Amino acid sequence: MKRRDLLMFAGLAALAGCGNPGSDSKGNSGTLAFANRLRVPPLLEPAVAADGTKQFSLTMQAGQVELLPGKPTTTWGFNGAFLGPTIRATRGDRVAMRVHNQLGEPSTVHWHGMRLPAVMDGGPHQMIRPGATWSPHWTIDQPAATAWYHPHPHGNTAKHVYRGLAGLLLVDDPETAALGLPSTYGVDDVPLILQDKTLDANGVLQEDANPVWGLMGDQILVNGVYDPYFEVTTTLVRLRILNGSNARMYNVEFADRRRFHVIGSDAGLLAAPVAVDRVQLSPGERLEVLVEFEPRDQVVLRSVAGDDGIDEGDYELLKFVAADQLKPGPPVPQRLAASRRIEAPVGARERTFKLNGSDAINGREMDMTRIDEVVPAGAIEIWHVQNPVYSHNFHIHEVAFRILDIDGRPPSAYLQGPKDTAFIPRKSTVRLAVQFGHHTDPKTPYMYHCHILRHEDKGMMGQFVIVEPGTEASVPRTLPSHHHHG
C-alpha cells in the first residue's frame, strides 16, 4: 500500500460511521425492524421470433427510488429506476439482447458467467454510446447456473454498478429440471442480490470512495430493499445469492446457526449438496443454497465480520417469516450435477498472475490495446494467482474453473464446484484449473481481473484471446483502439 493511500485509509477509518443512519461500529446489526417486504426482481418476458430466438430488451436509464422510506434517491437501473429484471433462458435457446443506453454517458453490459463469443461478451471493447443500441446474440450452451449482468466500461465500472446497474441471468437445463429442486421463481426459488450503499440522512447516494477498496457502505440492500423481510410459504426454499457489491465481502449465516445446503456455485451445480452453517461470497460470486423452514419460523440472515479488510462489520440482511402452514417441499437430493469435474491434463499449460497493489497484474496496468495471453480453444490450464498484498479476488470471463488449492490446502467443500470468480486471500497463492470454451476470435479479447471494482478500474485487469489450436504464435499481441457501438 502506498504511504499516501495508507494515510488516507487511516483518516477514513477514523471517520467511519459518521453521518450514516443506523451505522455504528457494528454496522446495522441489531437495529433493523424488518419493516419492508422483499422485492423480487420481475422476470423479463422475451419476444419470440419466427425462428424461435428469444429477444430480450434492456434500457439503461436514470431514475429515482426510495432506498430509505420517504427519501427519494437518484439511481440507475435497467428498465426501471434501480437494478434490472431477471432474464431466464434454457440451454439450447438462441437469445438476442437489445441493450439501449439512455444514461447520457457511454457504458457496456457484460454477461457475467456466460460462455459466449468475445464480441458478444460486453466487456470494455463493446461500448454503447448514449442513445445507441447494442444487439448481441448467442446460443446458450452451458449447464444450469445463476449468472448476472452489469456494466463493464473501463475506468467507470465501479460507479455504474454502485448506482444500481445489475440484474440476474438464470440458465436452466433439462438435467437440472429433472432433479425436482424448488423452481417457482419468487416463491421457493428466490434471488438475493446483496449490495452495500452509503446514504446520507436525506437518502442521497454517497460516492466518496475508500482509497483502498473503493465504494463501501454500511446500509445493506437486498434486491434494492433496506430492512427487508421475506414471507416463507414452503418447507424448502432455494436461495440464489449474488454478491453484487463493489468491494464488500459477506460471511453469510443464519442467526440461529441452522445448517443449510449449498447446491451450486458460480458456474453450475455441485456434484452433491454440501451442508454448512456459513458461506463466504466476495464481489461477483454467486451461490445457490437450500434452506429448510418450519411453520411460524422467524430467523434472520446476517453477515458476520471477518478479518480480511473487505468483510468488516456485522450486518443483518433479511428476516425470513414463515407462515402458519407451509406447503411441503421436495427432499434435499442426494446427488446433483452429472457433469465431469474440471481436471487439468498431465502437462497442462501453467500461467502465473501476480496481483500488484491495487492497480496491476504481473507489473502491468490494463491496456486496451495489449493482448496479455493467447489460449487455444478447448484448453484446460492451471493458473496460479499470487496475491502478496491485501485482499483481492479474481474473475475470468467466458470460462469455468475449479479451485485446486489455496496455499496448498483444498478449498472448503462448497467451493469445489464450477466457478468463474474466486476470493484470493492476502499473502496467498490460489491455483485454478481453468476450462476454456470453443469460441475463437484472435482480434477480440476477454478479460481477467480483480472484481473489487475500484481495482479493476485502476488497472488490475488483463486481456486474453481464444484462438484455433496451433495458431497461438501467429496471433498479433496488439489491437487497434476500441470503438463504440451504435
Side-chain angles (χ1 to χ4, degrees), residues 91 111-118 121 140-148 169 171-173 175-176 179 262-274 276 279-282 284-288 335-353 373-386 393-425 428-440 446-449 451 462 464-467 469 472:
R91 188 171 196 169
W111 317 106
H112 183 134
M114 296 304 298
R115 314 293 300 269
L116 75 179
D121 184 54
I140 294 178
D141 185 17
Q142 63 189 88
T146 298
W148 65 303
L169 204 172
V171 177
D172 299 316
D173 70 24
E175 178 185 332
T176 303
L179 293 171
V262 178
I263 59 168
S265 48
D266 306 325
L269 296 184
L270 306 182
V274 175
V276 297
V279 292
Q280 184 179 75
L281 294 98
S282 68
E285 289 187 279
R286 291 89 67 206
L287 285 172
E288 294 187 34
R335 304 294 301 170
L336 294 166
S339 55
R340 293 174 56 190
R341 198 163 81 144
I342 300 171
E343 300 280 6
V346 175
R349 171 74 186 265
E350 303 196 24
R351 303 178 198 254
T352 298
F353 301 87
E373 308 290 341
V374 177
V375 179
I380 299 180
E381 301 186 344
I382 296 176
W383 284 23
H384 302 247
V385 186
Q386 300 176 347
N393 76 354
F394 201 71
H395 169 51
I396 311 174
H397 290 207
E398 199 286 322
V399 310
F401 61 67
R402 181 168 63 88
I403 301 174
L404 296 174
D405 50 60
I406 302 168
D407 274 346
R409 297 183 299 275
S412 299
Y414 76 88
L415 291 174
Q416 293 182 22
K419 291 182 59 57
D420 57 50
T421 308
F423 179 55
I424 314 295
S428 72
T429 295
V430 176
R431 290 194 315 139
L432 310 173
V434 186
Q435 176 193 67
F436 294 87
H438 295 273
H439 298 288
T440 59
Y446 300 100
M447 309 292 125
Y448 53 85
H449 57 86
H451 217 283
F464 69 97
V465 291
I466 295 178
V467 301
E472 297 93 319

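Remember, it's a predicted structure, so these values are computed and weren't measured experimentally.
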Under 3.5 Å, is there a donor-acceptor pair between the side chain of [X] and the main chain of [Y]?
{"X": "Q416", "Y": "P411", "result": "yes"}
{"X": "Q142", "Y": "R115", "result": "yes"}
{"X": "D173", "Y": "P143", "result": "no"}
{"X": "Y414", "Y": "L270", "result": "no"}
{"X": "E398", "Y": "G437", "result": "yes"}

Using 0.5 Å steps for rounding, measure from the [atom1] atom of [X] to the [atom2] atom of [Y].
{"X": "E373", "Y": "E381", "atom1": "CD", "atom2": "CD", "result": "8.0 Å"}
{"X": "W111", "Y": "L116", "atom1": "CH2", "atom2": "CG", "result": "9.0 Å"}
{"X": "H384", "Y": "F353", "atom1": "NE2", "atom2": "CZ", "result": "10.0 Å"}

Does some side-chain heavy atom of [Y] sit less than 4.5 Å from a side-chain heavy atom of [X]?
{"X": "T429", "Y": "D407", "result": "yes"}
{"X": "Q386", "Y": "T352", "result": "yes"}
{"X": "L269", "Y": "E288", "result": "yes"}
{"X": "I403", "Y": "L432", "result": "yes"}
{"X": "H397", "Y": "H449", "result": "yes"}
{"X": "I140", "Y": "M114", "result": "yes"}

Do you know the tightest heavy-atom contact between [X] and [Y]?
{"X": "A413", "Y": "V274", "answer": "CB-CG1, 3.9 Å"}
{"X": "I466", "Y": "A377", "answer": "CG2-CA, 3.5 Å"}
{"X": "P273", "Y": "R335", "answer": "CD-N, 4.4 Å"}
{"X": "S282", "Y": "A422", "answer": "OG-C, 4.2 Å"}
{"X": "A145", "Y": "G268", "answer": "CB-N, 3.9 Å"}
{"X": "S265", "Y": "G417", "answer": "OG-C, 3.6 Å"}

Listed partners of F464 passing ring pair (Phe, Tyr, Trp, His ring centres under 6.0 Å), at least two apart: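 F464 satisfies ring pair (Phe, Tyr, Trp, His ring centres under 6.0 Å) with F436, Y446 once adjacent residues are dropped.
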Option from L404, I406, D405 for which side-chain contact (heavy atoms from CB on, under 4.5 Å) with V430 holds: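 Only one option passes, and that is I406.
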Criterion side-chain contact (heavy atoms from CB on, under 4.5 Å) against L287, the qualifying member of I263, V276, T146, L281: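 For L287, the side-chain contact (heavy atoms from CB on, under 4.5 Å) test succeeds with only one of I263, V276, T146, L281, which is L281.
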Pair listing, salt bridge (charged side-chain N to carboxylate O under 4.0 Å, His left out) test, anchored in residues 416-425, at least two apart: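 As it turns out, the salt bridge (charged side-chain N to carboxylate O under 4.0 Å, His left out) pairs with a partner in residues 416-425, which skip direct neighbours, are D266-K419, E285-K419, R286-D420.
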Residues L415, F423; criterion side chain to side chain contact (heavy atoms under 4.5 Å, CB included); working and verdict: CA-CA 10 Å; L415 291 174; F423 179 55; over 6 Å; no
Ring geometry between Y448 and W383 (parallel below 30°, tilted from 30 to 60°, perpendicular above 60°):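 Perpendicular, since the angle between the ring planes exceeds 60°.
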Whether H395 and H112 hold their rings parallel, tilted or perpendicular, with breakpoints at 30° and 60°: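 Plane angle under 30°, so parallel.
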Partners meeting salt bridge (Lys or Arg N to Asp or Glu O under 4.0 Å) with D172 (sequence neighbours left out):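 Listed in chain order: R88.
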Evaluation steps, side chain to side chain contact (heavy atoms under 4.5 Å, CB included), between R91 and D141: CA-CA 5 Å; R91 188 171 196 169; D141 185 17; 3.3 Å; yes
